[in-house]
Amino acid sequence: MTPTSLETYIAEHESRFLDDLKEWLRIPSISALPEHTGDIRRAAEYAANQLRTIGFAHVELVATQGHPLVYGDWLQAADKPTVLIYGHYDVQPVDPIDLWQSPPFEPAERNGNLYARGACDDKGQTMLVIKALESLMGVYGTLPVNVRVLIEGEEENGGEAVEHFVRTASQRLACDAALICDTHMPSAENPALISGLRGIIYTEVEVQGARQDLHSGSYGGVAPNPLHTLAIIISRLKDAEGHIHIPGLYDKLRQPSEA
Ligand SMILES: [Zn+2]
């Protein structure tokens, strides 16, 4: 099969694409650790420069209460829909460091995989999309839709800045569809479009009982046992069919539309 012009472009530029990703991966942009604030900024600037290089407009670092957001757009496709693409440039901490086979911020290739902190969450996915946009524009000189890109720096640490920005700058994020580039592929041969992820809530529940051991013959069945009480609480959250019994949880749930 003859490769398409798009495939040819990607093949010709593959090593540069990979080098650009590796350079980004070398920046230890750990959002949870204050000593990496400078690295966070460098990683954000790196992403902004990538967007500028491929010809995006309005590229800027949006200052927030926390780490900066990176925004850029390409809105030249008149009368075409707009896609908002999301990714994040921050990464998780790296401890325990001695479990790494190679240093977390020195990208290493083994068995056709690239190993570094952020390689698959989320610099890899985000860079992949930037290079896909570059390839499309390089070959066709245009994009089939309008594109806005928003890259945040607090995904691994609360994400408050992006939440505030989405609420207050909705005009700049106006779109017909959103593509969240922060998911995975089952395998290299098996790409996937993820349509939803489950949410998560962390909580700590402390149950207190008697101050000292109580004799089972005298108190058993009368004094509440914290372990038993906790088991009852947990077992009531969800039934055997997976239905969640927390009051109000399903109230705001909407079924996906046909579209
Ligand atoms: Zn992620």
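Just so you know, ligand 1 is whichever comes first in the structure, and atom 1 is the first atom listed for that ligand. Everything numeric here is computed off the predicted structure, so don't read it as measured data.
Tally of protein N, O or S atoms closer to the Zn ion (ligand 1) than 2.8 Å: 4.
Cluster annotation: Leu61 and Leu84 are assigned to distinct hydrophobic clusters (Ile/Leu/Val/Met/Phe/Trp/Tyr, side-chain heavy-atom contacts under 4.5 Å, transitive).
With hydrogens and angles ignored, the 3.5 Å screen pairs a side-chain donor or acceptor of Glu154 with a backbone N or O of Ala161. A side-chain donor-acceptor contact under 3.5 Å links Ser235 to the backbone of Ile232. Judged purely by atom type and a 3.5 angstrom limit, Tyr71 uses its side chain to pair as donor or acceptor with the backbone of Arg172.
Residues Asn157 and Ser31 have side chains that never bring a donor and an acceptor to within less than 3.5 angstrom of each other.
Counting non-hydrogen atoms of neighbouring residues, nucleotides and ligands closer than 6.0 angstrom, the CD1 atom of Ile244 exceeds 12 such neighbours.
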